[in-house]
Structure formats: structure tokens, C-alpha cells
Amino acid sequence: MSAELIDGKAVAARVRQEVSEGVAALVAHGGRAPGLATVLVGDDPASEVYVRNKRRACVAAGMVDFHQRLPADVTQQQVEDVLDQLAEDPEVSGILLQLPLPGHLDAGTLVDRIPPDKDVDGLTTGNVGRLALSRPGLRPCTPAGIERLLDEYGVGLAGAKAVVVGRSVLVGRPMAQLLLARDATVTLCHSRTKDLAAHAREADVLIVAAGVPGLVGPEAVRPGATVIDVGIHRDEAGLRGDVRFSEVRAIAGLLTPVPGGVGPMTIAMLLANTLRAARDTGTRHGY
Ligand code: NAD
């Protein structure tokens, strides 16, 4: 048996098309085009690439790009002032503070400066709380993208046994909450979990976000299971994930490749969140 591959590029292209159409419809009905404000502090090369890609995608979807670049030695107060201005600006629908921040800044306090309704990364205490309480809110982009992939490929979640490997605030925890909200029976594994493979083998849906190259092999996969690989690592051979692709492909039912699986969904869901934020604030302002 060889797993069917989940084509994240194709699904992400569909989401981006839907967002472009949604933006066009919003403008056609007299609303203003959604605006995404990316805030980049310092000059970390990886963050620069991520922010550039997000800005390009936002413009390609018909949204307005409000970029703010701040020097690495900016003070906490200065970043707070920038976030407060963006929070008040009616043309800015979504605010994204690119992480990680330089060590002298308090990231948690700064993220919480973003109003939950403009928090397109879904990382403020307000949105994390809404997710935990199963209330509507903006969801973190990578887990939301995975949920969309599972839906697109018809993976049933109600009553399914789901195992998430990794408990980060960005991926693992919100993923577990989203799966729970969809009535899966969820196990959340992490670096202190004993016998990871024994837990993972129980999974109908196995989501691996540990950041450890090749952590999950066939010994940790139930035949026919759906396996989602969130990890991204660059080595001499190119990009690879947390899952040993060719070995797991031989026994899984559905599998995401790296690259071309989860990765493209993250930016697509950021755009979807920005459109949603624009619609919600537009509704409040009576557009
Ligand atoms: P993180 O380092 O913040 O968290 C990793 C988690 O994995 C931790 O909770 C830790 O307890 C757990 N873990 C570590 N070693 C483990 C082990 N041996 N067994 C079980 N659990 C273990 O990482 P993150 O931000 O959640 O990202 C995880 C991976 O996903 C990274 O490779 C990252 O680059 C990638 N990522 C990809 C996307 C995307 O868009 N595709 C988005 C975010 C993160």
C-alpha cells in the first residue's frame, strides 16, 4: 500500500482564490479592501523572508500592505506605540507581529497589545481563550490550515482518535483544541511523553509538529492512518519533515509531503483570517 499524498499547494491555491474573490466582493459592495499590517523587528533573515512572502500574498489577494519595519534596538514602548496606532487605524484589518522578537522585548505583552479582532495569527490571550472555550475567533494559521486539509480530503474527525505530537503555542496546542472542537478523541504528546510510538500507533489522524527531523517512522503509524507532517528542516538533500516520508508512505493512508503539504496552507489561512477580520470589523462599522 502506498499513501495518497495530500496536495497542500493545490488546496492553498484554492483558499487564496476564494480569498481574492471575497476581497473583490467586499469592495464591490462598498467596503474597503482589507489591510494587513506586518510588523518586523530587527533583521533576522528567515523572518525577513517570511514577512516578504506574507506581504506579497496579501497584495496578490487584493489586500492593502501596511508594513512596519523597526530596528533591532527599538524599545518595548516604541513597539507598543506602533501596535496601538495600527490597532486604531480603521484601514488596518489585521496585525501580524513577526516572531521571534529580539530578546530584550517582552513578546507576550506585545502580542496582547493586538486587539483580538485584528489578531490574524490567533495568538493573543483573547483568541487562545476563545478557542479553548469553543467560541468563534481568529484561529492560528498552521492548525487552521491542517483542519482545512483534513476536510478537503474527507478525513472524518468526529469520534476519530487523533494524536498530536508537540505542544507549542503556535501549532500543537491549538491543533489539539481544534480537533477536540471537531469531536475527535485527542492525545497531546510532547518531549516528556513516554513511548511516543505506542501513543502514535493508536492514531487515526497523526499530526507531527515536534521540530525533530525524521522523528516519526513506520513503527509509530497505524496502517491506513492519516499523517500530517508539520516539521520543516533544510539539509543537504533539500527540505524534509519530522516524518520519515518514504517509509511512512508505505503504510499510511494519507500523507502530507514536505515541501508542498502543510507549508503553503499557513499563508493561505493568514489571508483568510485577514479577510474575515475585515468583514467582521466592517460589519461593526456598518459597511
Ligand atoms: P516548538 O519547538 O515550539 O515545539 C516543539 C514541540 O515538540 C514541543 O512542544 C516539544 O515538547 C515537542 N517535542 C520536541 N521533541 C520531541 C520528541 N522527541 N518527542 C515528542 N515531542 C517532542 O516548534 P513549533 O513551532 O511547534 O514547530 C514544530 C515544527 O513545525 C518545526 O519544524 C517548525 O519549523 C515547523 N513549523 C512549520 C510550519 C508550517 O507552516 N509548515 C509552521 C510552524 C512550524
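In what follows, every heavy atom counts, from backbone to side chain, and hydrogens, waters and symmetry copies are set aside. By convention here, the first residue in the shown sequence is residue 1. Ligands are counted one by one from 1 in listed order, and the atoms in each one are counted from 1 as well. Predicted model, so just to flag it, every value in this text is computed and none were measured.
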So that I can tick it off, tell me whether [Y] and [X] are bridged by a salt bridge, with the cut-off set at under 4.0 angstrom between side-chain N and carboxylate O.
| X | Y | answer |
| --- | --- | --- |
| K161 | D204 | no |
| R182 | E147 | yes |
| R201 | E219 | no |
| R148 | E152 | yes |
| K118 | E88 | no |

Atoms in ligand 1 with a heavy atom of [X] nearer than 4.0 Å:
| X | value |
| --- | --- |
| V165 | 20 (C), 21 (N) |
| V262 | 41 (N) |
| V212 | 15 (N) |

(message) For T187 and H199: C-alpha separation, side-chain torsions, deciding distance, then whether side chain to side chain donor-acceptor pair (under 3.5 Å) applies.
(response) CA-CA 8 Å; T187 301; H199 289 287; 5.3 Å; no

(message) Please report whether ligand 1 has a polar contact with C189, defined as an N or O pair separated by less than 3.5 Å (distance criterion only).
(response)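 No, no N or O pair falls under 3.5 Å.
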
(request) Using distance alone, decide if ligand 1 has a nitrogen or oxygen within less than 3.5 Å of any nitrogen or oxygen in D242. (result)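 In this structure, D242 places no N or O atom under 3.5 Å from an N or O of ligand 1.
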
(message) Looking only at side-chain N and O atoms, does T266 offer a donor or acceptor that is under 3.5 Å from a partner on T142?
(response)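 Yes.
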
(request) Please determine, by modelled atom types, if D73 and H104 share a side-chain donor-acceptor pair under 3.5 angstrom. (result)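 H104 and D73 do not have a side-chain donor-acceptor pair below 3.5 Å.
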
(request) Treat each ILVMFWY residue as a node, draw an edge where side-chain heavy atoms are under 4.5 Å apart, and state whether V155 and L206 are in one component. (result)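 No.
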
(request) Pick whichever of P259, G231, G166 has a heavy atom sitting closest to atom 12 (C) of ligand 1. (result)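 It is G166 that holds the nearest heavy atom.
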
(request) Closest by any non-hydrogen atom to atom 27 (O) of ligand 1: pick that one out of L188, T256, V171. (result)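 Answer by nearest heavy atom: V171.
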
(request) Start with the C-alpha distance between S20 and Q17, add both sets of side-chain angles, then the distance that settles side chain to side chain donor-acceptor pair (under 3.5 Å), and finish with yes or no. (result) CA-CA 5 Å; S20 297; Q17 180 61 30; 5.1 Å; no

Minimum-distance protein heavy atom relative to [atom]:
| atom | answer |
| --- | --- |
| atom 20 (C) of ligand 1 | H190 O, 3.2 Å |
| atom 9 (O) of ligand 1 | R167 N, 2.8 Å |
| atom 26 (O) of ligand 1 | S168 OG, 2.5 Å |
| atom 42 (C) of ligand 1 | T142 OG1, 3.3 Å |
| atom 11 (O) of ligand 1 | S191 N, 3.0 Å |
| atom 7 (O) of ligand 1 | A210 CA, 3.2 Å |
| atom 18 (N) of ligand 1 | L215 CD1, 3.7 Å |
| atom 39 (C) of ligand 1 | T266 OG1, 3.7 Å |

Of all the heavy atoms in [X], does at least one lie under 4.0 Å from an atom in ligand 1?
| X | answer |
| --- | --- |
| H233 | yes |
| V230 | yes |
| A209 | yes |

(request) State whether any protein heavy atom lies less than 4.0 Å from atom 2 (O) of ligand 1. (result)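 Under 4.0 Å from atom 2 (O) of ligand 1, zero protein heavy atoms found.
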
(request) Give the contacting part of V169 toward ligand 1: side chain, backbone, both or neither, where contact means a heavy-atom distance below 4.0 Å. (result)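 For V169, there is no contact with ligand 1 at all, from either part.
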
(request) Please report the C-alpha distance between R69 and D43 in whole Å, then the side-chain angles of each, then the deciding distance to 0.1 Å, and finally whether the side chain to side chain contact (heavy atoms under 4.5 Å, CB included) criterion is met. (result) CA-CA 9 Å; R69 177 87 191 242; D43 35 35; 3.5 Å; yes

(request) To the nearest 0.5 angstrom, please state how far the CG atom of L180 sits from the OG1 atom of T185. (result)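 Interatomic distance, L180 CG to T185 OG1, rounded to 0.5 Å: 8.5 Å.
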
